[in-house]
Novice: 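Just dropping this structure here.
Whatever order the structure lists them in is the order used to number ligands and atoms, beginning at 1. Values below: all heavy atoms of this structure, side chains included; hydrogens, waters and symmetry mates excluded.
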Amino acid sequence: MPIVQVNNVTKVFKERSNSIPVYALASVSIEIEEGAFTAVCGPSGSGKTTLLNLIGCLDRPTEGTITLGGEAISSLPQRKLSALRLNKIGFIFQEYNLIPTLTAIENVEYVLWLQKVSAHERRKRAIEICQRFKIDKLVNRRPFQMSRGQQQRVAVARAIVHKPSIVLGDELTANLDHKTGTELMEFLRELNEKENITFLYATHDPAMMKLAHRIISLQDGKLINEKAAIQTDL
Ligand SMILES: Nc1ncnc2c1ncn2[C@@H]1O[C@H](COP(=O)(O)OP(=O)(O)OP(=O)(O)O)[C@@H](O)[C@H]1O
Ligand SMILES: [Mg+2]
């Protein structure tokens with residue numbers, strides 16, 4: 001069974017009762033298989049962030065359903081949705097991923113702290129992942145003492161330390177130079193291949209699209225033909 005099923009999802013934003021509704025997503029259906037490394041592309045305003053936010057349980061669809069590991073998330077009460085987000089999703093955003101007052105290791109531990117994992121176990125798991133990611137020299141630094149590339153590496157550790165079902169990335173390389181961005185994406189690909197972690201990431205950058213197994217292309221909130229998208233984007 002796919003890890004994520006998006007069935008006929010529409011998301012309408014309406015600022016005021018008399019304003020014109022914006023169809024951020026219109027009848028979108030997508031399946032994401034476990035272990036997939038998928039890019040979401042499309043022009044600004046095409047609905048990429050909206051799609052990631054819905055899959056990431058940060059928002060609910062106006063119409064349609066989304067399942068995560070077979071569970072229908074669109075109908076869950078808020079409390080359950082938050083719990084699901086905490087346990088099943090890893091997020092990496094463009095910036096402000098890390099809490100500025102916490103050190104790198106405290107940032108990596110943060111989700112485990114929210115999950116009420118014991119202090120000892122938390123530190124053990126965070127240290128393990130920092131060693132594996134070769135960021136153990138950075139553990140006592142706060143975000144302002146790290147480069148953007150280093151911060152994003154810590155953000156990746158933080159996003160996967162609790163072993164989520166899927167990691168969602170929104171323009172996660174947009175603030176990095178080409179070399180650092182490519183290195184980060186190659187690192188994610190390696191994690192995907194070695195550990196079968198499922199990634200879904202939105203990007204504008206053709207170089208980041210090239211690394212994907214599959215490209216989902218959106219335009220005006222609609223899915224456009226996947227094969228055609230690959231030919232025109234690359
Ligand atoms: N909270 C909101 N309220 C009103 N309209 C919104 C809201 N969020 C998104 N939209 C609108 O929905 C559409 C899709 O936005 P979205 O942020 O998903 O696009 P995107 O593809 O991520 O764009 P970008 O590449 O610029 O990040 C846009 O027209 C946007 O203005
Ligand atoms: Mg966006």
Novice: Could you tell me if the side chain of Leu25 sits less than 4.5 Å from the side chain of Thr62, heavy atoms only?
Specialist: no
Novice: Could you check atom 21 (O) of ligand 1 against the protein and tell me its nearest heavy-atom contact, residue, atom and distance included?
Specialist: Lys48 NZ, 2.8 Å
Novice: Report the member of Gly221, Gly45, Ser46 with the shortest heavy-atom distance to atom 23 (O) of ligand 1.
Specialist: Gly45
Novice: State whether Phe37 and Arg189 meet the cation-pi test: NZ (Lys) or CZ (Arg) under 6.0 Å from the six-membered ring centroid, and within 45° of the perpendicular axis.
Specialist: yes
Novice: Find all atoms of ligand 1 within a distance of less than 4.0 Å from any non-hydrogen atom belonging to His204, and give their numbers and elements.
Specialist: 25 (O)
Novice: Please state whether Gly42 comes within less than 4.0 angstrom of ligand 1, counting heavy atoms only.
Specialist: no
Novice: Minimum heavy-atom separation for Val161 to Arg125, with atom names?
Specialist: O-NH2, 3.5 Å
Novice: What atoms of ligand 1 come closer than 4.0 angstrom to any heavy atom of Thr50?
Specialist: 14 (C), 15 (O), 16 (P), 18 (O)
Novice: Say you draw a straight line from CD of Gln219 to SG of Cys41; how long is it, rounded to the nearest 0.5 Å?
Specialist: 10.0 Å
Novice: What residue among Ile30, Thr203, Leu200, Leu223 forms side-chain contact (heavy atoms from CB on, under 4.5 Å) with Val40?
Specialist: Leu200
Novice: Have a look at Met146 and tell me which of Arg153, Gln151, Gln152 forms a side-chain contact (heavy atoms from CB on, under 4.5 Å) with it.
Specialist: Gln151
Novice: Looking only at non-hydrogen atoms, find the nearest pair between Ala104 and Leu138 and report the distance.
Specialist: CB-O, 3.4 Å
Novice: Check whether any heavy atom of Ala202 sits under 4.0 Å from an atom of ligand 1.
Specialist: no
Novice: How about Asp170 and Thr49: does a side-chain donor come under 3.5 Å of a side-chain acceptor?
Specialist: yes
Novice: With heavy atoms of Pro43 as the reference, note each atom of ligand 1 found under 4.0 Å away.
Specialist: 21 (O)
Novice: Just checking Tyr23 against Phe13, ring centres under 6.0 Å apart?
Specialist: no
Novice: Strictly inside 4.0 angstrom of atom 31 (O) of ligand 1, do you find any protein heavy atom?
Specialist: no
Novice: What is the closest protein heavy atom to atom 12 (O) of ligand 1, and at what distance does it sit?
Specialist: Ala24 CB, 3.3 Å
Novice: How far apart are the closest heavy atoms of His162 and Leu112, and which atoms are they?
Specialist: CB-CD2, 4.0 Å
Novice: Starting from atom 27 (O) of ligand 1, what is the nearest protein heavy atom, named by residue and atom, and what distance separates them?
Specialist: Thr49 OG1, 3.9 Å
Novice: Starting at CZ of Arg158, measure out to CD1 of Ile99 and round the result to the nearest 0.5 Å.
Specialist: 5.0 Å
Novice: Considering non-hydrogen atoms of the protein only, which is the closest contact for atom 1 (N) of ligand 1, and what is the distance?
Specialist: Phe13 CE2, 3.6 Å
Novice: How about the Mg ion (ligand 2), which protein N, O or S atoms come within less than 2.8 Å?
Specialist: Thr49 OG1
Novice: With a 4.0 Å heavy-atom cut-off (strictly under), which part of Val22 contacts ligand 1: side chain, backbone, both or neither?
Specialist: side chain
Novice: Suppose I only count heavy atoms of Gly47 and a 4.0 Å limit; which atoms of ligand 1 are within that range?
Specialist: 14 (C), 18 (O), 19 (O), 20 (P), 21 (O)
Novice: Looking at Lys11, I want to see if its NZ is surrounded by more than 12 non-hydrogen atoms of other residues, nucleotides or ligands under 6.0 Å.
Specialist: yes
Novice: For atom 4 (C) of ligand 1, grab the closest protein heavy atom and report residue, atom and distance to one decimal in Å.
Specialist: Glu15 OE2, 3.2 Å
Novice: Tell me, which protein residue and heavy-atom name are nearest atom 26 (O) of ligand 1, and how many Å apart are they?
Specialist: Ser44 OG, 2.5 Å
Novice: Charged N to carboxylate O below 4.0 Å: is that the case for Arg132 and Glu195?
Specialist: yes
